[in-house]
Amino acid sequence: MKPTAPNSPEPRNLFQDVHEVVRLIPAGRVSTYGTIAHYLGARHGARTVGYAMMAAHTAGQYVPAHRVVNRLGHLTGRLHFATPDAMQQALEAEGVRVVEDRVQDFGQLLWDPAVELV
DNA sequence: CGTATGACCCACT
DNA sequence: AAGTGGGCCATAC
């Protein structure tokens with residue numbers, strides 16, 4: 001990869017934090033980029049969270065990126081999965097109803113780490 | 001080494 | 001009230 005700085009034993013990039021938070025999302029629940037970003041303390045970091053999702057496949061651990069949607073409950077990243085329907089099928093497999101790439105009862109299924117994770 | 005791109009959200013005019 | 005631009009991190013060429 002790339003040689004890290006001599007004083008950086010653990011490069012805790014924001015991407016790593018995002019990946020870890022996403023991994024904490026329980027099955028059957030969904031979260032949003034803005035919510036995670038806000039939890040990390042980055043008001044304008046929502047975009048960075050989205051970038052982290054795309055780079056999720058670079059993480060050593062599995063990241064349930066299918067449980068992360070935009071604030072509108074829209075499956076924005078469905079085209080980035082192995083198949084266009086992989087995200088929707090994964091959500092439905094967990095009991096999440098998805099219609100036209102839109103999560104039903106999104107407000108109820110929304111998982112906020114700052115609230116649920118106390 | 002510098003430039004460009006990529007799953008978004010909020011604030012301002 | 002609606003529309004537009006700005007702000008952020010990391011990786012690849």
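Naming convention: chains lettered A, B, ... in sequence-line order (proteins, then strands); numbering from 1 in each chain.
- Between A/N70 and B/dC8 there is no side-chain N or O to OP1 or OP2 distance below 4.0 Å.
- Aromatic ring orientation, A/H19 versus A/F15: perpendicular (interplanar angle above 60°, classes split at 30° and 60°).
- At a threshold of 4.0 angstrom between heavy atoms, the contacts of A/G45 with the nucleic acid are absent.
- Donor-acceptor pairing under 3.5 Å is lacking for the side chains of A/Y33 and A/T48.
- The distance between atom CD1 of A/I36 and atom C1' of C/dC8, rounded to the nearest whole Å, is 15 Å.
- Separating the CZ atom of A/R71 from the P atom of B/dC10 is a distance of 6 Å, rounded to the nearest angstrom.
- When the P atom is used for both B/dC9 and C/dA1, the distance is 22 Å, rounded to whole Å.
- Here the closest non-hydrogen pair linking A/L109 and A/G28 is CD2-O, 3.6 Å.
- To the nearest angstrom, C1' of C/dA12 lies 11 Å from NE2 of A/H57.
- Taking atom CD on A/E20 and atom P on C/dC9, their separation rounds to 19 Å, with Å as the unit.
- Contact between the side-chain N/O atoms of A/R47 and the OP1/OP2 oxygens of C/dG6 is not found at any separation under 4.0 Å.
- Rounding to the nearest 0.5 Å gives a distance of 4.0 Å between CG of A/D101 and CZ of A/R78.
- Separating the NE2 atom of A/H44 from the P atom of C/dG6 is a distance of 13 Å, rounded to the nearest angstrom.
- One interatomic measurement links the two molecules: CG of A/N13 to P of C/dT11, which rounds to 6 Å at whole-angstrom precision.
- As rounded to whole Å, 5 Å separates atom C1' of C/dC9 from atom CZ of A/F15.
- Here the P atom of nucleotide C/dG7 and the CG atom of A/L40 are 21 Å apart, to the nearest Å.
- For A/T48, the listed nucleotide lying nearest its side chain is C/dC9; candidates were B/dG6, C/dC9, B/dC8.
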For this session: Mind running salt bridge (Lys or Arg N to Asp or Glu O under 4.0 Å) on A/R29 and A/E94 for me, showing each step along the way?
Result: CA-CA 8 Å; A/R29 301 278 179 176; A/E94 296 177 353; over 6 Å; no
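- Counting any heavy atom pair closer than 4.0 Å across all strands shown, A/A37 reaches no nucleic acid atom.
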